[in-house]
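Written out below as structure tokens is the structure these notes cover.
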Amino acid sequence: MKRLWKVIPPCYSDVHGFMAVINETDGMGLVDDPSRYNKVSAGGEGGREGHGGKGGHGGGHGGRGGRGHDRSASFGRSERISGMAGTAKEAPRSCDPSQHPPEGMRVTHTGIRDSDIIRGTESKVRTAFTEDTAYFHPSFVLLCKAPSSSMIGSDLGTIADDLNLENKIPVGSVDIDGEKDYLYGVSMTLEAMGKLLLAPAKTIPDTVNLLGCNPIDWSTETLESVKTLLHDEGYKVHTVWGMRETAERLRTGAAASVNLVVNVAGLRLAKYMQQEYGIPYVVGAPFGTAETERILSDLRVPETGTAMPSGSDTEPEVLIIGEQLTANAIRSAMRSHFWHGIRVLSFLEMDRSQMEAEDAKLNSEDQLAAQLKDLSVRLVIGDPDYRPLADRNIPWIDLPNPGSMFPLTQVARVDLTGDRLGPWIVQGQELALKELSEDRE
């Protein structure tokens, strides 16, 4: 783990994913942690603040500052104000009446301190819950841990169960602790929301829930393009799990006739809804003509849990590094252009049912470096910040990297819905080959 982020920037943590989802609802998130949380403005305005502590896999908890980026939320840092006799005091929590949270921010913290290592954090959780629900008036509340509370074994599940019985607001917990990547956090948060909010409902024909789209990976433009695509095929998007939606709407999610999992972070929720409410699901991001046609065909006769093809032993020609379902869609498009030996790799959450034989979940920079050294690789599609791990010049198409906490080279998000992906690949190949030719000269 300590070698993971020596060269490339860290990605957001699972708690960031939790925050990104909660901020898109009328609920409230409460993180059992000493630090306050701040919202980073969208559109690249403002600075970035890192969460105090050491970085780990996906954690990104270093105290580095940074440039402004297009994000819906970011971890804050613990603010200190001068105290008597050279001591330091923590500033009030973000929901203190004297410090209203930034607009759109619906996640706060418990403000635990050293003494809570001995006494436990339940008292702080309850105090924060009472104060913050009075401020937010949320439709539901989810609790989660950060590394500090995880180390001392805070039992948020039991506390959430008790609060749920004691209050009219639905309360649950999310089993994350800041040690995994943000898509894992999105995935676990969506599943927790489903378990907390969903209720049986009569099926509405030709309706689709979109599961897994989230404001870190997805733009509003892409979401609207997918809605339009489905509308043109005779479907109505019933609910969206991961982006702007109210709890009232989410409670009706079991009425949809089918779920479309557009990001790997939606698979846990899809499996839960299939098991509990019998709703079939189709998996795939509708990016590129080939994948879009396959998804639309499957929506008509959904076969839940269909596995990916096994792939082949062909030497790798193309490496695609990124979110699994987006990468799978790019692979489908590449195959239609007669590329072979295409591997999907990711540092993020991956599902085995969507992996081909040679795909891999990356756990270290060394693993990616080894893949890049294979001399049969002729093209890489991925975050440009991964390029220093290659020991040679390889044609490289830059993928958007919104999940990177501190991108050295920021790549803007792009809408690849439907037939937009093909021209993007062609243009990317042309630019990559031109750049390689100029380097050789």
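This chain uses plain numbering: 1 for the first residue, then up along the sequence.
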(message) Assess the residue pair Y386 and V7 against the criterion (side-chain contact (heavy atoms from CB on, under 4.5 Å)); give the C-alpha distance rounded to whole Å, side-chain angles, the decisive distance to 0.1 Å, and a yes or no.
(response) CA-CA 8 Å; Y386 298 167; V7 176; over 6 Å; no
(message) Please evaluate residues I381 and I330 with respect to the criterion side-chain contact (heavy atoms from CB on, under 4.5 Å), reporting the C-alpha separation (whole Å), side-chain torsions for both, the decisive distance (0.1 Å), and the verdict.
(response) CA-CA 9 Å; I381 303 175; I330 295 173; 3.8 Å; yes
Can a donor-acceptor pair be found, under 3.5 Å and without considering hydrogens, that links the side chain of [X] to the backbone of [Y]?
X    : Y    : value
D359 : V344 : yes
R106 : G27  : yes
T127 : S123 : yes
R331 : I342 : yes
N164 : A160 : no
S346 : G322 : yes
E245 : V240 : yes
T239 : L250 : no
S297 : E293 : no

I'd like to know if the side chain of [X] pairs up with that of [Y] as donor and acceptor (distance under 3.5 Å, no hydrogens or angles considered).
X    : Y    : answer
T222 : S219 : yes
D155 : T158 : yes
D116 : T121 : no
T228 : H231 : no
T417 : D415 : yes

(request) Could you tell me whether K145 and E179 have a side-chain N and a carboxylate O separated by less than 4.0 Å? (result)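 Looking at K145 and E179, the cut-off is not met.
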(request) Considering only NZ, NE, NH1 and NH2 on the basic side and carboxylate oxygens on the acidic side, decide whether E131 and K124 come within less than 4.0 Å. (result)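 Answer for the salt bridge query: no.
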Going by side-chain hydrogen bond (donor to acceptor under 3.5 Å, both in side chains), name the residues that satisfy it together with [X], two or more places apart in sequence or in a different chain.
X    : answer
N214 : none
S148 : D33
S257 : none
R119 : S115

Taking all non-hydrogen atoms of both residues, which atom of [X] and which atom of [Y] are closest, and how far apart?
X    : Y    : value
L421 : A329 : CD2-O, 3.7 Å
C213 : N263 : N-CB, 4.2 Å
A285 : L325 : CB-O, 4.0 Å
A360 : M350 : O-SD, 3.5 Å
A390 : L372 : N-CD1, 3.8 Å

(message) Evaluate V318 against I320 for side-chain contact (heavy atoms from CB on, under 4.5 Å), listing each step before the verdict.
(response) CA-CA 7 Å; V318 181; I320 306 173; 4.0 Å; yes
(request) Taking the six-membered ring for Trp and the full ring for Phe, Tyr or His, determine whether the centres of Y12 and F18 are under 6.0 Å apart. (result)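 No.
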If I take atom [atom1] from residue [X] and atom [atom2] from residue [Y], how far apart are they, to the nearest 0.5 angstrom?
X    : Y    : atom1 : atom2 : answer
L260 : L230 : CG    : CG    : 6.5 Å
I204 : T252 : CD1   : OG1   : 7.0 Å
N328 : E323 : CG    : CD    : 8.5 Å
T207 : N209 : OG1   : CG    : 7.0 Å
D32  : S173 : CG    : OG    : 11.5 Å
I321 : L399 : CD1   : CG    : 8.5 Å

(message) Considering only residues two or more places apart or on different chains, which pairs with a residue in residues 203-230 satisfy salt bridge (charged side-chain N to carboxylate O under 4.0 Å, His left out)?
(response)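 Sorted pair list: E224-K227.
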(request) Just grab all the salt bridge (charged side-chain N to carboxylate O under 4.0 Å, His left out) pairs involving residues 256-276, residues at least two apart or on different chains. (result)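 Qualifying pairs: R268-E349, K271-D351.
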(request) Test side-chain contact (heavy atoms from CB on, under 4.5 Å) on D14 and D177 and set out the steps. (result) CA-CA 7 Å; D14 49 15; D177 56 16; 4.0 Å; yes
(request) Take the angle between the ring planes of W218 and F287 and call it parallel below 30°, perpendicular above 60°, tilted in between. (result)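 The rings of W218 and F287 sit tilted, inter-plane angle from 30° to 60°.
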(message) If the test is side chain to side chain contact (heavy atoms under 4.5 Å, CB included), which one of D385, T409, D383 qualifies with P9?
(response)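 That would be D385.
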(message) Quick check on D374: does its CG atom have over 12 non-hydrogen neighbours (other residues, nucleotides or ligands) under 6.0 Å away?
(response)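 Yes, because the 6.0 Å sphere around CG of D374 holds more than 12 heavy atoms from other groups.
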